[in-house]
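Okay, structure first, notes after.
In what follows, chains are A, B, ... by sequence order, proteins preceding strands, each numbered from 1.
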2 protein chains.
Amino acid sequence: MTLLETVHSPAVVKKMSVQELNTLAEEIRQGILKRDSLIGGHVGPNLGFVEATLALHYVFNSPVDKIVFDVSHQCYAHKMITGRQNGFLNPNDYEKISGFTNPHESEHDHFAIGHTSTAVSLASGLAKARDLKGEKYNVIAVVGDGSLSGGEALEGLDFAGSELGTNFIVVINDNQMSIAENHGGLYNNLKLLRETNGQAETNFFKALGYDYLYVNDGNDVEKLIAAFQSVKDADKPVVVHLNTLKGKGYKLAETYKEPWHWSVPFDVTSGEKTVDFGGGESLDDLTYNYLQDKIKKGEKVAVVVAGTPGVFGFNEQRRQEMGAHYIDVGIAEEHAVAMSSALAKGGCRPVFFVHSSFLQRTYDQLSQDLALNKNPAVILVYWSGISGGDATHLGCFDMALAANIPNITFLTPVTKEEYMAMLDWAMTQKDGPVMMRVPNAVVHGDSVQPKADEIKTMAWAHKGEKVALLAVGEMLGLAQKVADKLKALQVDASVLTVRCVSEFDEATLEALKANHKVVVTLEGGVITGGFGEKIARYFGSSELKVLNYGLKREFTDRVPVDEIYRENRLVPQLIAEDALKLL
Amino acid sequence: MTLLETVHSPAVVKKMSVQELNTLAEEIRQGILKRDSLIGGHVGPNLGFVEATLALHYVFNSPVDKIVFDVSHQCYAHKMITGRQNGFLNPNDYEKISGFTNPHESEHDHFAIGHTSTAVSLASGLAKARDLKGEKYNVIAVVGDGSLSGGEALEGLDFAGSELGTNFIVVINDNQMSIAENHGGLYNNLKLLRETNGQAETNFFKALGYDYLYVNDGNDVEKLIAAFQSVKDADKPVVVHLNTLKGKGYKLAETYKEPWHWSVPFDVTSGEKTVDFGGGESLDDLTYNYLQDKIKKGEKVAVVVAGTPGVFGFNEQRRQEMGAHYIDVGIAEEHAVAMSSALAKGGCRPVFFVHSSFLQRTYDQLSQDLALNKNPAVILVYWSGISGGDATHLGCFDMALAANIPNITFLTPVTKEEYMAMLDWAMTQKDGPVMMRVPNAVVHGDSVQPKADEIKTMAWAHKGEKVALLAVGEMLGLAQKVADKLKALQVDASVLTVRCVSEFDEATLEALKANHKVVVTLEGGVITGGFGEKIARYFGSSELKVLNYGLKREFTDRVPVDEIYRENRLVPQLIAEDALKLL
């Protein structure tokens, strides 16, 4: 029996010797690597925070003392010593344990969190609740250096530094990396603090009112225990700044920090990925080549990302090739959008690349800084649509979020040809901001590229009668299957692709009235506030019946995609039957 | 002719002597007071920034050099010396000039901005565009101390401190106040810097990578000119920290800074308000008394605001009475929502009070930190609905923004009785977050208070037939007028109030099918993504026809409310006729 198998609760850890803790750390690392290598997950952040996790649980008394993990990238070790080691050691249990903290799994987890920059704010709320209730315990926020640049983290740090006045411990896991390299002045200060062993007078955290403690050996469990013991029960806010090694204990992850921040399944010995993405043509390549071509021609293109360049295929070589035209603002989506608005105002053509779920982090800037000012920035939204992922990373909310904001043109291409034509149009038009869902796969259409005046129209994939299937982006495939089912039921349904969800193509919608009785909308997004409801409104006073299909208003959590389709009645036969009933 | 009347452009200012500049400052102050006293506006922030504005225009060459004002509260003097003095001197021209910067008014304004914390991000985009285009000019961000606590400002400051590396000047207008007093550790650092004449080693701005210059006499035009000249054409980012006097030159505003931040029309000599709000019963009082009663009983209520307590009637006395239960996080809405989620998790019952338009500043925290975690925080939304205000402060987007997020219950009471019953229910239920539009006026209903199981239902105001009018909140009055018109046309229409826009009251909706042919929805919000479209979806496959009325997807800018109603066909006779056509 390994040591790890004996740890049924953090209480066991508290009784261990330093030597045992180090052995346990090694076993935990093997567990992290085993799970990540088999099903993928966060590698580097978790490997670097093993000793600190053990020291936290050795010193503090969870769950009475409350440890709040930011974005949870560093929480695997915590999960393993709070009764969930089987979720790492036993492949049959992998699906039971998520990659993020989750209160449904354990009383040691206080929030379900997958977006970054949250821990300080959340922990300060727990601390304030404790104070209002007259209770006594430690509240600890664990936040990675990369997460510090986000607005929520900065707001929280500013508040908690002066307004609590009671016990509040912020542990900075400084592994000198965001997902990619860090960007922002704050990181120069962290560097200065590391280089001066925490002694530099210029200290961001002290400026915000915190006591400050630096631990240079952030992977030395004995020194970490001493550090945490010295701040335990502190009666005012204190920052404990740990210098940790990202990827610690796995040479590849120590050396190549960015590609090993998160990984798909891999072979532990060689580091080779064990899944095949098929290769071939990719929209990442097409998009990069298109933009880089413009940059080479001297066009004032600005490529903006917020800390996640890998999502868009911007590897180090491409970043270098784009030079000053490539701007990584760090994890700071609000700033990314506001800055993009101003870049457009200043005569450049910015393209902000963003993960659908992280688009949520910047609603007000989309509305006020950008849309109200009608500056022609381009926003490319990745990983949109129906996904079987974690509840914290769903790509189904972007249309309801952004397409209802005035002045934003929201496009939903389906084929490669449509996408490239739309991108080219977006890069040259001057009317205002254009947002576009980048298709998740290359789909070759037999359609010709839409011309500029066709960008906002619906396109006929098939002209039939009685039933019109309106498919938003990726749903074209489903629409065609529904059409097949209807064909078998003697109905020759029309199929149309919806290229723009923020505006009506009135000419086409009116034309439908001539020989259709039922309009069916299909969208890979939440149905409330989405495109289908707009069509229901449009035809609400007409003779046409409307059926809307999309996702229920809910956070699905690691539900397989086919199950999501079934649960939302996105099933060709059922949709065909629904439509038939209305004829 | 006054000096101010001769200033047709900033070029005139550049030729003035210090004595003339001081005279001009005095004339500008009179202009500010005249306009504010007649139509209301921002008083203190503008009075305090007159000399700095003159010095900026004296030293820099606008619009080639670009001055970007944060939230624009300090921009009146700037407007007056960029050809828009008549908007202050001539009451007939007041409506032509807004209270915020506006590119449609002048080439000296670069953005339409009314939300706070924006200047640094926006200005950094202009600076980056300048660099990419190989141009040379100064970019200056002007930001008040109160705005610094917002996430967008902090993200922007962090980015620009290290990532630009070229000319970028941040002017901090430190008048030692947000709208109310400041909250956050940053403000202790500003205080320390003021007390040490800028010499303290602990320096927030230096920690982010800025050069730093302190000007203690922030209302001394000569010293300001010298300071700005010393940073003009600087080749790296620099912060110029000005210690200014909020309300300068108007004794009342100097003494009572919070009530004179912004004012309705007033008598300049006495300071008395010249508009009568009618007094009488107010929901502010009712809400405060309800919460304070709970606090006195020992309930763990936490009242959270983000820098704008006055909007909710929380004057200094009330803030003191609530004691530790009152939490002003400063201008930091993201933190306010995340912290509220954690306060609920920690066993308190938080109530976050927020201006409808500022709710936009925290979408991701509503979704991830709060709704995903289903913590029972309460959010009270003020100044919602149809307004004739500035494009930057519209209250019509809140329902489309928040009611489409899973797990959020969004309530829209109309009468005082409904509101109080809903508030009480929200404060005791445990299912998850509840958001509620606080009515803008006290409406007495003849309806009884809804019981707990009636909170999410629709209420019958009148049972008729053929046409059902579904009114969201404030629109009940309009619905009743439509019913009157229909009555005259021989139709006895039903009238129902919609208490909850995030969920369907299916029983009532199904009941409508029995004896109605047309359902009309009326909402004081943007129609895209709103409640009406959900009803259109609900009845899309039925025999019932649906007509949706609400606001077009647009930013209206100072359009009178009656005109907004007309332009959106919110006219009883027209709606009645539309419905009649479908019978």
Side-chain angles (χ1 to χ4, degrees), chain A residues 111-112 115 121-122 124-126 129 132 149 151-152 154-156 158-159 161-163 183-186 188-189 201-202 204 206-209 300 329 332 334-335 338-339 342-343 346 348 360-361 363-364 367-368 372-373 400 404 406 528-529 533 536-537 540-541 545-548 553-555, chain B residues 111-112 115 121-122 124-126 129 132 149 151-152 154-156 158-159 161-163 183-186 188-189 201-202 204 206-209 300 329 332 334-335 338-339 342-343 346 348 360-361 363-364 367-368 372-373 400 404 406 528-529 533 536-537 540-541 545-548 553-555:
Chain A
F111 302 97
H115 283 197
S121 278
L122 291 171
S124 73
L126 293 182
L132 281 178
S149 56
E152 183 180 350
L154 293 165
E155 288 185 358
D158 177 42
F159 173 85
S162 75
E163 302 294 310
H183 290 274
L186 171 54
N188 293 335
N189 190 234
E201 290 281 357
T202 300
F204 177 77
K206 284 188 179 174
L208 291 177
K300 303 310 174 193
V329 300
E334 301 170 55
H335 173 62
M339 188 183 186
L343 279 160
C348 294
Q360 299 181 183
R361 296 161 61 85
Y363 183 99
D364 198 45
S367 169
Q368 298 287 302
L372 175 61
N373 284 281
N404 294 318
T528 58
E533 291 186 341
R537 163 166 62 89
S541 60
K545 300 273 194 291
V546 176
L547 288 168
N548 297 140
R553 187 175 73 110
E554 65 180 348
F555 294 110
Chain B
F111 301 98
H115 284 197
S121 277
L122 291 171
S124 73
L126 293 182
L132 280 177
S149 57
E152 183 180 349
L154 292 164
E155 287 185 358
D158 177 40
F159 173 85
S162 75
E163 301 295 309
H183 291 274
L186 172 55
N188 293 335
N189 189 236
E201 289 280 358
T202 300
F204 177 77
K206 284 188 179 174
L208 291 177
K300 304 310 175 195
V329 300
E334 299 170 56
H335 173 63
M339 188 183 187
L343 279 160
C348 294
Q360 299 179 186
R361 294 160 62 87
Y363 183 99
D364 197 46
S367 169
Q368 298 287 303
L372 175 61
N373 284 282
N404 294 319
T528 58
E533 291 187 342
R537 162 165 64 90
S541 60
K545 298 275 194 292
V546 176
L547 288 167
N548 298 140
R553 186 175 73 110
E554 64 179 348
F555 295 110

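- Annotation: maximal heavy-atom pairing with chain B below 4.5 Å, among A:Gly346, A:Ala112, A:Ser124, occurs at A:Ala112.
- Interatomic distance, B:Gln368 CD to A:Phe555 CZ, rounded to the nearest 0.5 Å: 6.0 Å.
- Interface remark: A:Glu163 contributes side-chain atoms only to the contact with chain B (heavy atom separation under 4.5 Å).
- The aromatic rings of B:His335 and A:Phe159 sit tilted relative to each other, their planes meeting at an angle between 30° and 60°.
- Contact detail for A:Ala342 and B:Leu126: the closest heavy-atom pair is O-CD2, 3.5 Å.
- In terms of heavy atoms, B:Leu547 sits closest to A:Ser541 at CD2-CB, 3.7 Å.
- Proximity to chain A involves both the backbone and the side chain of B:Lys206, based on heavy atoms less than 4.5 angstrom apart.
- Listed options B:Phe204, B:Phe111, B:Tyr363 were ranked by heavy-atom pairs under 4.5 angstrom with chain A; first place goes to B:Tyr363.
- When heavy atoms are compared at a cutoff of 4.5 Å, A:Leu122 approaches chain B by way of both its backbone and its side chain.
- For the options A:Glu152, A:Glu201, A:Glu155, A:Lys545, heavy-atom pairs under 4.5 Å to chain B are most numerous at A:Glu155.
- With chain B as partner, the option from A:Gly184, A:Ala400, A:Ala536 having the largest number of non-hydrogen pairs under 4.5 angstrom is A:Gly184.
- Top candidate by heavy-atom pairs under 4.5 Å with chain B, chosen from A:Gly209, A:Gly156, A:Ala207, A:Ala338, is A:Ala207.
- Taking A:Glu533, A:His115, A:Lys300, A:Met339 one by one and counting their heavy-atom pairs under 4.5 Å with chain B, the maximum is reached by A:Glu533.
- Note that OG of B:Ser162 is 5.0 Å distant from CG of A:Asn188, once rounded to the nearest 0.5 Å.
- Side-chain N or O atoms of A:Asp158 include none that pairs as donor or acceptor with a backbone N or O of B:Ser149 at under 3.5 Å.
- Between B:Arg361 atom CZ and A:Glu334 atom CD the span is 8.0 Å, to the nearest 0.5 Å.
- When all heavy atoms of A:Leu186 and B:Leu208 are compared, the pair lying nearest together is N-CD2, 3.7 Å.
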